[in-house]
Amino acid sequence: MEASYSDRPKHLAHHFAESKQQYDSAKLGMWLFLLTEVLLFGGLFLAYSVFRAWYPETFVNANKELNVILGGLNTIVLITSSVTMALAIRSIQLDRKEATLKYLFVTLLFAFTFLVIKYFEYSHKFHEGQLPGKFYTFEGIDGTNPHIFFSVYFMMTGLHGLHILGGIGVITWMMIRVRKNEFSSQYYTPLELTGLYWHLVDMIWIYLFPMLYLIR
Amino acid sequence: MSEHSTPHVLPLRVYLGIGAILLIFTIITVIAAQIDLGFLNIVIALAIATTKALLVAFFFMHLYYDNKLLFLIFASSIFFLTVLISLTMFDTLRRGDIYEIRDINIEQDAIIYDESSSVGADTSGTNH
Amino acid sequence: MNTIPEQNFLTAEKGLKSWLTTLDHKRIGILYLISITFFFFVGGLFALMIRLELMFPQDEFFIKLDDFNQVFTLHGVIMIFLVIIPSVPAVLGNFVLPLQLGAKDVAFPRLNLASWYLYMFGASFALFSIFTGGVDTGWTFYAPYSTTIDRSVISMTMAVFIIGFSSIFTGLNFIVTIHKLRAPGMTWFRMPLFAWSIYATGILQVVATPVIGITVVLLVLERLLGIGIFDPTMGGDPVLFQHFFWFYSHPAVYIMILPGMGIISETITAMAHKNIFGYKAIAYSSLGIAFTSFLVWGHHMFVSGQSEFAAMVFSFLTFFVAIPSAIKVFNWIATLYKGSISLDTPMLYTFSFLILFTIGGLTGLFLGTLSVNVTLSDTYFVVAHFHYVMMGGSIIAFLAGLHYWWPKIWGRMYNEKLAKIACGMVFVGFNVTFISQFLLGLKGMPRRYATFTSEFAQLNGFSSWGAFLLGAGLLLTAIYLIHAVYKGKPAGNNPWGALTLEWTTSSPPPHNNFEKSPTAHYGPYDFDKIVVESTLDD
Ligand SMILES: [Cu+2]
């Protein structure tokens, strides 16, 4: 039978019978959302595959224009940020709010670092004229249609960058909510969902890095 | 509500250990890309990336411990992406292939004309 | 005598603001109903404009040649993206699904309301596009035409993007609702088949729609930045656009038809007062349709220049889609056998559906056959085929559902006599319109032309008169349904004597759906075990 409203926790919405049901629903919904994200990026993976198969030489040669050091550095940055994100959630599970805040803050710093490194990479490409499609002016890549590689590169890293920006927004919001004492080991669902999102963004980069920077 | 009051907490070393493995794999994939292994390069790069992605999914995202339904959702996203890419590339990689096959048939089945007599636009000597 | 309960979801709160901020799934369903009806009206007007122009062979009989391309494009875009795709899930799914499951609401009520706002936001982009140049690409937005013409393509495709996300969130919400919010005793196989079909639709919405999202983003980037991936002069591939597009748009056909099939499973059992024949077969065939629909998109591209090998594979796979659809039709027919069938309006629409959908489905097999397709491609045969599926299937099923649940939604019954007349007008009008078009297509009349030679004149004239009859029937439907909202006879909780949970609560339902949380003690169609009398007093 239903619990009366007085002994229901504050976070429990009226149409759920109990916390676990609400928690499971939120998590299931989030995973379905992540599935849509995979397929959203999937379109770009498709474009990448088709054109890499059509213009293999171009992709190999154009790839040499990308900076493996910066790309690798960004991979390390994102992976580390995933670790700190996971630790933030672990901390709230143990009711350590200060530690949660600290880890979230570090995650945020890594996210900004990623964008700063990306900024340097982008501005170098802008400078060289290694731009998508009709804006491409660089000369010095052997192979047909090198602009296609940069179209694909900018679309993939651009969409990924937008997701990092979105993540920064959400993580900031989560920090505010942690500060307001909204979360505890009893209830931290939004924080966990943020973590899932952040790990997915990391996971996509794990593919983008070898696909774009390490072509042979 | 008792189910939720004790969250499933993984020990610290799991997170740090997985993080370390991910970083090591990153270095391996960079090194592997410097060696020319032909088509194996892309296989190795994708295999390492997939291993890394699975580690993230299983441990950072808790899929290993969670309801299998969530894993099914994750797996199906990969499955449908594979369908999208493979069926599309079945087209983009095989355009015009049918003409090659047609050519082979004509050559095998019949000698249509004498090559030496059909130079240029003059085809008066050929019988179709 | 039936009465309308004092306390119900319609009277729970008053004022426009209470509607625009509501989190109640029933009210959100009604918000969708109003907005979708509006766009159905707009799209219908465009359809009538097309039929007026094509009534006679003269050029520019009604509209300018150039405008004709715009009119059929807008008809297509509005009807598909703004009307049919959201229609059944967003209106009836929203209203009925939680009631059928015995839940108080959908899993994420706020997301549900946000979906409606996204829909309206996207729709406003579509309207903006219409008034700032419009589009004349056809609803498919094929590159490179769509990337080069000087028209309002960006805002129209952004409308598709935004409405796509509305659709994703609706589907996601329903999947979670079905997984997590079923009432005690409501096992998977005690779920009404409408819920199963909404579940399968949800899978399609969640998996396929992101791809149309990225597709239109790429189209916009192609227009703005000239990224070149769809531009053959830059090494891109316009056929790749078609792959992108149809990976979504073939499953989208099933986003449109699957929920309609769910409605038919409900009406046919309730009207025949008989347990469904082959419950599991119908339930699983919904999932089967959802799955196979992802493997066949290339059948829209047989003459696009795609690889002949791919065309053969797609043609072969296409035949598999017919199997689960046929399973459903056979099971519905078998359900009718020895049933005690009431010929109320929902049943008449159900019969219409069975006839029209079967024709639409079978002609789909003609078109899926590679060699036949080459001849019939881009003729009126194709136009007639997909209207039989989308209008004859989805919209007719939607009408069946509206007539079936209307007394539940408003607590009042419409005028049955007018309803039967209107149903007849719709059925006859529809067939006259589109049988003519099958014949036109077989005679070789190409689609999307504003004019034609005199040999096609007679059939085109027929088709237009049919369309006017169809339009009149739909208008009559709107009139008596709206009349019923205010003046209809109170219908009671269970006017059809149906067994699913939504009929156990009052009509209209209370704000929280049920006075007391329900428990499912029996299957949704156990008419052999339970007898429930109709509450409708004649
Ligand atoms: Cu199709």
Side-chain angles (χ1 to χ4, degrees), chain A residues 3 9 12 18-20 22-24 27-28 31-32 34-39 41-43 45-46 49-54 68 71-72 75-76 79-80 82-87 89-90 92-94 185-188 192 195-196 198-200 202-204 206-207 209-211 213-216, chain B residues 1-12 14-16 18-20 22-23 25-27 29-30 32-38 41-42 44-46 48-50 52-54 56-57 59-63 66-67 69-71 73-74 76-78 80-81 84-86 88-89 91-93:
Chain A
L12 185 57
E18 38 141 46
S19 282
K20 176 148 191 328
Q22 181 172 5
Y23 171 77
D24 286 348
K27 219 160 156 179
L28 180 59
W31 271 102
L32 286 167
L34 296 186
L35 173 144
T36 70
E37 289 280 17
V38 170
L39 281 140
F41 274 95
F45 280 78
L46 169 63
S49 315
V50 167
F51 292 115
R52 178 165 176 181
W54 273 8
V68 182
T75 312
I76 292 169
I79 287 176
T80 321
S82 251
V83 176
T84 55
M85 176 53 97
L87 293 180
I89 291 162
R90 183 175 181 275
I92 199 74
Q93 287 174 332
L94 299 169
S185 60
Q186 298 302 303
Y187 174 68
Y188 55 91
E192 185 164 357
L196 288 177
W198 192 251
H199 296 313
L200 184 86
D202 180 26
M203 204 189 279
I204 286 167
I206 283 176
Y207 277 96
F209 174 57
M211 282 167 62
Y213 292 78
L214 302 176
I215 306 172
R216 266 201 83 97
Chain B
M1 272 154 272
S2 55
E3 297 94 329
H4 196 221
S5 49
T6 46
H8 182 84
V9 187
L10 294 182
L12 193 59
V14 172
Y15 292 115
L16 296 181
I18 298 292
L22 290 173
L23 293 179
F25 269 128
T26 306
I27 295 165
T29 191
V30 173
Q34 312 308 314
I35 313 160
D36 189 357
L37 298 165
N41 275 108
I42 186 167
I44 291 173
L46 285 180
I48 293 178
T50 303
K52 286 164 78 181
L54 285 178
V56 171
F59 296 101
F60 289 179
M61 300 167 99
H62 290 235
L63 272 191
D66 265 329
N67 192 331
L69 176 66
L70 302 183
F71 178 74
I73 291 172
F74 178 62
S76 57
S77 75
I78 308 297
F80 286 113
L81 179 57
L84 170 64
I85 293 179
S86 52
T88 302
M89 288 183 79
D91 162 33
T92 59
L93 290 180

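Note that the structure is a prediction, hence the values are computed from the model and not measured. Scope of the values below: all heavy atoms of this structure, side chains included, with no hydrogens, waters or symmetry mates. In what follows, chains carry the letters A, B, and so on, assigned in the order in which the sequence lines appear, proteins first and then strands, with residues in each chain numbered from 1.
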Less than 4.5 Å to any heavy atom of chain B: does that hold for the side chain of [X], its backbone, both, or neither?
{"X": "A:Trp54", "value": "side chain"}
{"X": "A:Phe41", "value": "neither"}
{"X": "A:Leu39", "value": "side chain"}
{"X": "A:Val83", "value": "both"}
{"X": "A:Leu94", "value": "side chain"}

I'd like to know which of [options] tops the heavy-atom pair count under 4.5 Å against chain A.
{"options": "B:Ala45, B:Ala53, B:Gly38, B:Ala32", "value": "B:Ala53"}
{"options": "B:Asn67, B:Asp91, B:Val30, B:Val9", "value": "B:Val9"}
{"options": "B:Ile48, B:Thr26, B:Thr50, B:Leu16", "value": "B:Thr50"}

Quick check on [X] against chain A: is it the side chain, the backbone, both or neither that has a heavy atom closer than 4.5 Å?
{"X": "B:Ile42", "answer": "side chain"}
{"X": "B:Asp66", "answer": "side chain"}
{"X": "B:Asp36", "answer": "both"}
{"X": "B:Met61", "answer": "both"}
{"X": "B:Leu12", "answer": "both"}
{"X": "B:Leu63", "answer": "side chain"}

Answer yes or no: is there a side-chain heavy-atom contact under 4.5 Å between [X] and [Y]?
{"X": "A:Leu28", "Y": "B:Leu70", "result": "yes"}
{"X": "A:Ser49", "Y": "B:Met89", "result": "yes"}
{"X": "B:Leu10", "Y": "B:His62", "result": "yes"}

Just by distance, do the side chain of [X] and the backbone of [Y] share a donor-acceptor pair under 3.5 Å?
{"X": "B:Asn41", "Y": "A:Ile215", "result": "no"}
{"X": "B:Ser76", "Y": "B:Ile73", "result": "yes"}
{"X": "A:Thr80", "Y": "A:Ile76", "result": "yes"}

Parallel, tilted or perpendicular: which one describes the rings of [X] and [Y], with boundaries at 30° and 60°?
{"X": "A:Tyr207", "Y": "A:Phe45", "value": "perpendicular"}
{"X": "A:Phe209", "Y": "A:Tyr213", "value": "tilted"}
{"X": "B:Phe60", "Y": "A:His199", "value": "tilted"}

**Among the listed options A:Thr75, A:Leu35, A:Asp202, the residue most often paired with chain B at heavy-atom distances under 4.5 Å** = A:Leu35
**Asked** When only pairs under 4.5 Å are counted, which of A:Leu34, A:Leu196, A:Leu46 shares the most heavy-atom pairs with chain B?
**Response** A:Leu46
**Prompt:** How long is the span from the CG atom in B:Leu93 to the OG1 atom in B:Thr88, to the nearest 0.5 Å?
**Reply:** 10.5 Å
